[in-house]
Amino acid sequence: MWGWIVALISGALMSIQGVFNTGLTKQTSLWVANSWVQGTALLVCLGAWFLKERQSFGALFQVDHKYLLLGGVIGAFITLTVIVSMGQLGPAKAVLIIVVSQLAVAYLIELFGLFGAEKVDFQWSKLIGMAVAIAGIIIFKWKS
């Protein structure tokens, strides 16, 4: 149950952050806003590390798969793409498409066992679920 609660909070925070970041971009610029978001995230993470953990950053050089170090780079582009999509589509449409895209890519990662994820068997029910989600996008975008 705790996983569900955390996931719901995560989704809510992503939507709120996207709206905040889009508003910040309108008053500054895309890269100023993105830099601020990533920079303040770094400060929060360093503060939490200082107060809670203090494990050596040297562990980063011991990571088996170096592509795992690209999370921050990807994070910067996530922020960028969320800002642009929310500015173009509005928060609700952008988040709906983003979530369906996340779901599709996550399923493909599991299906093929990419990036060290546990491989799962293909299930028609998941493909049908994805089709229903895509139909939801079409219905949501439909103008009356």
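It should be emphasised that the depicted structure is a prediction, and the values quoted were computed from it without experimental measurement.
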Members besides Phe20 in its Ile/Leu/Val/Met/Phe/Trp/Tyr cluster (side-chain heavy atoms under 4.5 Å): Ile16

Ile139-Ile128 co-clustered via ILVMFWY side chain contacts under 4.5 Å: no

Within 6.0 Å of CD in Gln88, more than 12 heavy atoms from elsewhere: no

Distance, nearest 0.5 Å, that separates CE of Met86 from OG1 of Thr81: 10.0 Å

Any donor-acceptor pair under 3.5 Å from Ser35 side chain to Trp31 backbone: yes

Same apolar cluster: Leu114 and Val63, side chain cutoff 4.5 Å: yes

Pairwise distance OG(Ser15) to CG(Leu96) - rounded to 0.5 angstrom: 10.5 Å

Stepwise side chain to side chain contact (heavy atoms under 4.5 Å, CB included) test for Thr22 and Lys26: CA-CA 6 Å; Thr22 303; Lys26 288 177 183 176; 4.0 Å; yes

Partner set under side chain to side chain contact (heavy atoms under 4.5 Å, CB included) for Val6, not counting sequence neighbours: Trp2

Any Val100 side-chain heavy atom under 4.5 Å of Met130 side chain: yes

Atom NZ of Lys119: over 12 foreign heavy atoms under 6.0 Å: no

Co-membership, hydrophobic cluster, residues Ile137 and Val99, 4.5 Å side-chain: no

Hydrophobic cluster membership, Ile98 vs Val132, 4.5 Å side-chain cutoff: no

Leu103 CG to Ile134 CD1 distance, which is reported to the nearest 0.5 Å: 9.0 Å

Same apolar cluster: Val120 and Ile109, side chain cutoff 4.5 Å: yes

Derivation of the side chain to side chain contact (heavy atoms under 4.5 Å, CB included) call for Lys141 and Lys93: CA-CA 7 Å; Lys141 287 186 63 167; Lys93 285 181 189 174; 4.3 Å; yes

Short side-chain to backbone donor-acceptor contact, Ser29 and Thr25, under 3.5 Å: no

ring-ring contact (aromatic ring centres under 6.0 Å, His included): pairs with one or both residues in residues 96-127, sequence neighbours excluded: Tyr67-Phe115, Phe122-Trp124

Interatomic spacing from CG in Leu68 to CG in Leu60 - rounded to 0.5 Å: 11.0 Å

OG1 on Thr79 to CD1 on Ile74, rounded to 0.5 Å: 12.0 Å

Gap between atom CD of Gln17 and atom CD1 of Ile78 - 0.5 Å precision: 9.5 Å

Close side-chain approach of Ile9 and Leu13, heavy atoms under 4.5 Å: yes

Backbone of Ala76 reached by a side-chain donor or acceptor of Asn34 within 3.5 Å: yes

Nearest heavy-atom neighbours spanning Gly18 and Val82: CA-CG1, 3.7 Å

